[in-house]
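Every chain is numbered from 1 and lettered A, B, ... according to where its sequence line falls, protein lines coming before strand lines. Computed from heavy atoms alone, side chains included, the values below leave out hydrogens, waters and symmetry copies.
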Protein chains: 2
Amino acid sequence: MKKASLNDIAIHLGVSKTLVSFVLNGRGKEFRISDDICQKVMDAAKEMNYQPNRIAQGLRTGKTNTIGLIIADIANPFFGKLGREIEKEAALNGYSVIFCSSDENPEKSKQQIAMLQQSQVDGYIISPPMNSEPQIRALSKGRTPFVLIDRYFADIETNYIVVDNFDAAYKATTHLLKLGRKKIANITVNLDLVNMKARTEGYKKALTDNGILVDKNLIKVLPFSHESMDISLAITELVGHKEDLKADAILFSTSKLGLNGIECISALGLKIPDDIAIVSFDNADAYKICVSPVTVVAQPLQEIGKKAVNIILDKINSPNGTPKFQQYTLKTEFIIRKSCGY
Amino acid sequence: MKKASLNDIAIHLGVSKTLVSFVLNGRGKEFRISDDICQKVMDAAKEMNYQPNRIAQGLRTGKTNTIGLIIADIANPFFGKLGREIEKEAALNGYSVIFCSSDENPEKSKQQIAMLQQSQVDGYIISPPMNSEPQIRALSKGRTPFVLIDRYFADIETNYIVVDNFDAAYKATTHLLKLGRKKIANITVNLDLVNMKARTEGYKKALTDNGILVDKNLIKVLPFSHESMDISLAITELVGHKEDLKADAILFSTSKLGLNGIECISALGLKIPDDIAIVSFDNADAYKICVSPVTVVAQPLQEIGKKAVNIILDKINSPNGTPKFQQYTLKTEFIIRKSCGY
DNA sequence: TTTATTTACTAAATCGATTTAGCTAAAATA
DNA sequence: TATTTTAGCTAAATCGATTTAGTAAATAAA
């Protein structure tokens, strides 16, 4: 039982494959194929379980109906949920998605871009690792549309969708201040990523706007490959002795940090929010069932996913359409739970 | 700047594309192409930033170096982690992965299989929804290898990788019994899936082996689209009044159930493990930072992912190799945390 | 009746690679 | 010197679709 091709149908019916192609593309009328023959072709296609070879179509038409997605790690629930939204919207429009996890490694993402390029994807959705500017710049010289998500590079003109990280961090920090916290720390990862940088900037601005000096010792910047050890250490440093806590609140810039952080905090015997208040970016499921459910900055994942796909489709359908670049900065949602006290 | 093809290089150097193809495939020596020309071709390829068109290669060779993956939902951390392992192992072997989330919907998975088929994937890794036997049966009539993961159909001979769900549930239940729990409930989803069925069977066997009658009222089977509401209801039914709990322990058959369940339990003001002990399948991150970290049955996700990919590669490389079907039932790991008391 | 138009279809080129079969000139052998 | 072998390369077919440019026969118009 090998697959039937267009030609097989043509031979079987004694007609040309041109005709079969016309009919199966629903263009029978347009090309004045008689109803009788149209019906026969369609019947034969069904009977022979004809499945068009998308590879061959792709070669001929230059369109593969495939989108390449590069994110940090599909196992990370934030990206998992985002990936799901992207897959969903793509499927609605007849596109498949090739998933690539870059681990925030620019070398990997470079290889993945090359691979996707070779696969002739019709567009890319990319969450670019730091130090991947050259690759993104190279991409923008090509004709294949792409959109950056989660972060972008200020000095490269591209389509992008991000959230207002500065604003979100500002509000989160202000929230902690209003609840009487004075020594607010920020645990984050490498600040070369614009989104992470904006979060810390928002945090700082909220402090200074409220007359509090930024204390460098309260900002812990971890390397990307942060292991529990790193976080443990950072938290221990922040906390010091239980009787004399250096920090009374922590803003975690990612949920991975936050989840590990909470584990450490519990291990140290500290109570949330009594000893220390917590706010985190990203609405991880775990945050709902914590000892004290965690107040979070939630990102509009569905909107990001939908928009990303639709920008790509837009660009595919009208490569020279306006505006030349679509750039969105979406609002986040601040969800208040018990982890900051009341 | 449009992409350079093999032919472009050939024209540029005034040689045949056959020659270029030979050289770039590293078969220059084999075909006695002079070192001088070899070098020139390779230089030109680099200079012109030649990227082979995988679509064209795929059409000619019948190999796309692509694997299709169908799971329930990539946003579910269990599948996210599994997907990651699969992607990783595939990438190591030069394969890309097209991700599809079926939502446990057989209609969707049918369409996704058709789409992957049209995309000429070299193999499938599938976690088949219930009622998807016909599609799987159809697949096994084709020549493209596939492997089922997480579940399989007893009456279709296929490659598969599952875990010993019966054994895992048996041990988990026994653990609860040893700690003195008498009224152990099981919350699960539709039992038509063999893996879910095995979990409940293992639970039952452990009870009867310990002289405890199986109480149907303590087994709650939720529909797949289980909303928090369903779980709330199930738990309220199990619990009844706080003074007179119907159940003193719950075995959750999936982490999605468990996470929602714990949320409900907390909302009802019940304490884990004092009022009620908890064991769950799947080692969700959230379980580590719960009020009482949750004892779990952890699946060897890396092993599953690696094996799945390698079975596919095996079958691609030797379609008629032995054994005809590779079938693995892997052991789970039982991780004891605080949620059952001591 | 002749020409123009319409109907219903087909041949062949094309996309970009791989691969088989074969060709020419030089070198080796008889 | 004649023949075989080897080195070094190329033409053309092929994968399975799409699409352009056409053709033959039937019908309509002149």
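Note: B:Y152 and B:Y160 meet the aromatic proximity criterion, with ring centroids under 6.0 Å apart.
Taking 4.5 Å as the limit, every side-chain heavy atom of B:D8 sits out of range of all side-chain heavy atoms of B:K3. Counting only heavy atoms from C-beta outward, the side chains of B:L24 and B:I9 approach each other to under 4.5 Å. Looking at heavy atoms from C-beta onward, A:L313 lies in side-chain contact with A:Y95 at the 4.5 angstrom threshold.
Within residues 5-13 of chain A, no residue has a heavy atom under 4.0 Å from DNA chain C. In the region residues 34-49 of chain B, proximity to DNA chain D at under 4.0 angstrom, judged on heavy atoms, holds for B:S34, B:I37. For residues 14-25 of chain A, proximity to DNA chain D is found at A:K17, A:T18, A:S21, A:F22, A:N25, defined as any non-hydrogen atom under 4.0 angstrom from a strand atom.
Applying the salt bridge (Lys or Arg N to Asp or Glu O under 4.0 Å) rule to A:K315 yields no partners; only residues at least two apart in sequence or on another chain are considered. Partners of A:E303 under the side chain to side chain donor-acceptor pair (under 3.5 Å) rule, at least two apart in sequence or in another chain, are A:K307.
With DNA chain D read from its 5' end, the first of the two nearest nucleotides for B:R32 and B:T61 is the one closest to B:R32.
A perpendicular orientation is assigned to the rings of B:Y124 and B:F146, their planes being inclined by more than 60° (bins at 30° and 60°).
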Exercise for the section: Assess whether salt bridge (charged side-chain N to carboxylate O under 4.0 Å, His left out) is satisfied between B:E133 and B:R151, documenting all intermediate values. Expected result: CA-CA 12 Å; B:E133 287 97 328; B:R151 21 220 146 117; over 6 Å; no
Handout entry: Residue pair B:Q135, B:S109: steps toward the side chain to side chain donor-acceptor pair (under 3.5 Å) verdict
Key = CA-CA 8 Å; B:Q135 308 149 32; B:S109 91; 2.6 Å; yes
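Protein chain A contacts DNA chain D from D:dG16 to D:dT20, reading 5' to 3' and using non-hydrogen atoms of the protein with a distance under 4.0 Å.
Note on A:D35 versus A:K29: salt bridge recorded, some NZ/NE/NH1/NH2 to OD/OE distance being below 4.0 Å.
Judged purely by distance below 3.5 Å, without hydrogens or angles, the side chains of A:D314 and A:Q326 pair a donor atom with an acceptor atom. For the residue pair A:Q39/A:D43, the side-chain donor-acceptor check at 3.5 Å is satisfied.
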